[in-house]
Amino acid sequence: MDAATPPAASGAPAARDDADCVPWGEVWGQDAAVAALREAASDPASMTHAWLITGPPGSGRSTLAHAFAAALIAEPGDERTMRQVLAGTHPDLTALRTEGVIISIKDARSLVERSYFAPSLGRYRVIVMEDADRMAERTSNVLLKALEEPPERTVWILCAPSDADLLPTIRSRVRTLRLREPDVADVAELIVRRSGVDPAVAEQSARHAQRHIGMAQRLATDAAARARRDSMLRAVLAVRGVGDAVEVAGAIVAAATEDAKALTAERDEAERASLLRTLGIAEGAAIPPAVRSQLSALEDEQKRRSTRSLRDGIDRVLTDLESMFRDVLMLQFGRDTGLINRELEPDLRALAGAWAAERTLTVVDRIAVTRENLELNAAPALALESMLITVASGRIP
């Protein structure tokens, strides 16, 4: 089933009345999608048991999914219950957002088991699976029966960048809702409203993030992140041989590793301290053998999360590189409007004049292959070195 959402008008959405803010107030720039889901939540004839929300990174898939869950679980007008669902604490909401490389079969089976419970307090039991594109085929097969024959008052909401990221057997069992991609100006305006940053910084961040709202927010509010991005792009532009490729690949991995540690270290320590308190173990005390397995399980989960964070960091660098060489291609074909990396335009023009378009296309293709290889667990440093040798030589090693 497919109910593709028509594109909403460009520009930031009009302000809603206070009565309309919960649960939809955090959903931004997706008025047509909100209208479709509000109708489904209020009219059983418009409802179906399984949904797939698709859209580019940063378009607000998960935010919309949780708002829809709140509207489904709560009685109309029950803002207290809606806020409880949005906070993730309502018993009739089960949500999975993987922080590993893939969604495990164990996690999928746990969701399926929960889906067969009747709602305890709300109108529906809702299962939200973010990052549904991270399911392997075996994991997807675990969901098939649950999606095909769900209990009457259970609703599945899957989120993915596109329906092509899921197996046809999954796509045939869900109703698809496609989100629009916001404009750079819209994202910049939102960042200014949320953070109060300078409009020029917000515009640059929205452009560099390629309209990914979360990444634009981070760039706009973190001068070090903006400087790191600029440094990495300039370093890649300066690659001239194998030695440069090895050095820059190492720098990218090191920067992504430090970034991953910064994002996870504080949370890891808090989780460890919380577990020890729960087990009644004083800080600094020896760990009894009987509970070492629980601590080991936590550490394994944290390692998986760290690996995912590292790979996401490297993927963001590769996304930035794709945008840079895409700009080179545009200049080579005589287009100088809509450049993502305008700050580098003199260097990009020089490169566009020095290279043939065929070489730029080879580089862009190689970056895409590198991203795919990293998803398949290729060694990051080796994959980046190979890609950067293509940047330096125009040939695939």
Side-chain angles (χ1 to χ4, degrees), residues 10-12 28-29 55-61 161 179-239 248 251-256 258-260 262-263 309-332 335-352 360 363-364 367-368 370-371 374 384 387-388 391:
S10 61
W28 178 86
S59 58
R61 300 185 304 254
L179 305 188
R180 65 178 287 269
E181 190 170 11
D183 297 328
V184 168
D186 295 346
V187 175
E189 182 180 341
L190 178 66
I191 299 304
V192 170
R193 287 208 308 265
R194 285 183 175 177
S195 307
V197 300
D198 182 86
V201 172
E203 187 278 336
Q204 181 194 74
S205 300
R207 179 165 33 85
H208 287 177
Q210 299 180 63
R211 298 170 287 188
H212 186 300
I213 296 171
M215 184 52 58
Q217 176 83 14
R218 184 181 180 197
L219 287 173
T221 56
D222 187 342
R226 297 197 300 273
R228 266 197 312 275
R229 181 186 187 277
D230 182 74
S231 175
M232 286 298 169
L233 295 187
R234 293 184 186 277
V236 171
L237 286 174
V239 169
V248 173
I252 291 173
V253 173
E258 288 301 312
D259 212 22
L263 290 172
S309 183
L310 171 61
R311 293 186 183 278
D312 285 347
I314 294 174
D315 190 68
R316 282 194 294 271
V317 174
L318 292 174
T319 300
D320 291 335
L321 292 180
E322 281 184 329
S323 77
M324 182 172 71
F325 288 107
R326 169 257 189 201
D327 286 346
V328 173
L329 270 175
M330 289 183 65
L331 292 170
Q332 287 173 324
R335 296 182 59 188
D336 57 4
T337 58
L339 297 181
I340 293 172
N341 301 281
R342 290 204 300 262
E343 295 74 15
L344 298 174
E345 185 171 347
D347 298 303
L348 301 184
R349 283 191 179 277
L351 197 59
T360 310
V363 170
V364 171
I367 294 172
T370 302
R371 294 181 69 183
L374 289 172
L384 290 171
M387 182 267 295
L388 289 170
V391 172

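Closest approach of V184 to A206, counting heavy atoms only: O-CB, 3.7 Å. The minimum heavy-atom distance linking L331 with A352 is given by the pair CB-CB, 4.0 Å. Between A188 and A202, the closest heavy-atom pair is O-CB, 3.6 Å. The two residues I367 and L318 make their nearest non-hydrogen contact at CG2-O, 3.6 Å. Across all their heavy atoms, S323 and Q210 have their closest contact at CB-NE2, 3.4 Å.
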Steps toward side chain to side chain contact (heavy atoms under 4.5 Å, CB included) verdict (L348, F325): CA-CA 8 Å; L348 301 184; F325 288 107; over 6 Å; no
So S59 and E181, side chain to side chain contact (heavy atoms under 4.5 Å, CB included) or not? Walk me through it. CA-CA 6 Å; S59 58; E181 190 170 11; over 6 Å; no
Test salt bridge (Lys or Arg N to Asp or Glu O under 4.0 Å) on E258 and R228 and set out the steps. CA-CA 12 Å; E258 288 301 312; R228 266 197 312 275; over 6 Å; no
Would you sort out whether R371 and E322 count as a side chain to side chain contact (heavy atoms under 4.5 Å, CB included), showing the intermediate values? CA-CA 10 Å; R371 294 181 69 183; E322 281 184 329; 2.8 Å; yes
Could you go step by step and tell me if V192 and V201 meet the side chain to side chain contact (heavy atoms under 4.5 Å, CB included) rule? CA-CA 9 Å; V192 170; V201 172; over 6 Å; no
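The closest side-chain heavy-atom distance from V328 to R349 is not below 4.5 Å. The shortest side-chain heavy-atom distance between R311 and I314 does not fall under the 4.5 Å cut-off.
Rounded to the nearest 0.5 angstrom, R316 CZ and L219 CG are separated by 9.5 Å. Taking OG1 of T370 as the reference point, atom CG of D315 lies at 10.5 Å (rounded to 0.5 Å). To the nearest 0.5 Å, atom CE of residue M324 and atom NE2 of residue H208 are 11.5 Å apart. In this structure, the separation between CZ on R194 and CH2 on W28 is 8.5 Å, given to the nearest 0.5 Å. The distance from atom OG1 of T221 to atom CD1 of I191, rounded to the nearest 0.5 Å, is 8.0 Å.
In this structure, R229 contributes its side chain and D320 its backbone to no donor-acceptor pair below 3.5 Å. At distances below 3.5 Å, not a single donor-acceptor pair connects side-chain atoms of R335 with backbone N or O atoms of M330. The main-chain N or O of I340 is found under 3.5 Å from a side-chain atom of D327 such that the two form a donor-acceptor pair. Here the side chain of R226 pairs no donor or acceptor atom with the backbone of S205 at under 3.5 angstrom. Between the side chain of D222 and the backbone N or O of A225 there is at least one donor-acceptor pair closer than 3.5 Å. In terms of modelled atom types and a separation under 3.5 Å, the side chain of R211 and the main chain of D183 share no donor-acceptor contact.
The salt bridge (Lys or Arg N to Asp or Glu O under 4.0 Å) test applied to E343 returns R207, not counting sequence neighbours.
Side-chain contact annotation: S195 with Q217, donor-acceptor N/O pair under 3.5 Å present. Counted by atom type alone, N341 and R326 present zero donor-acceptor pairs between their side chains at under 3.5 Å. Between the side chains of T360 and Q332, at least one donor N or O sits under 3.5 Å from an acceptor N or O.
Comment: R234 engages D230 in a salt bridge, judged by a side-chain N to carboxylate O separation of less than 4.0 angstrom.
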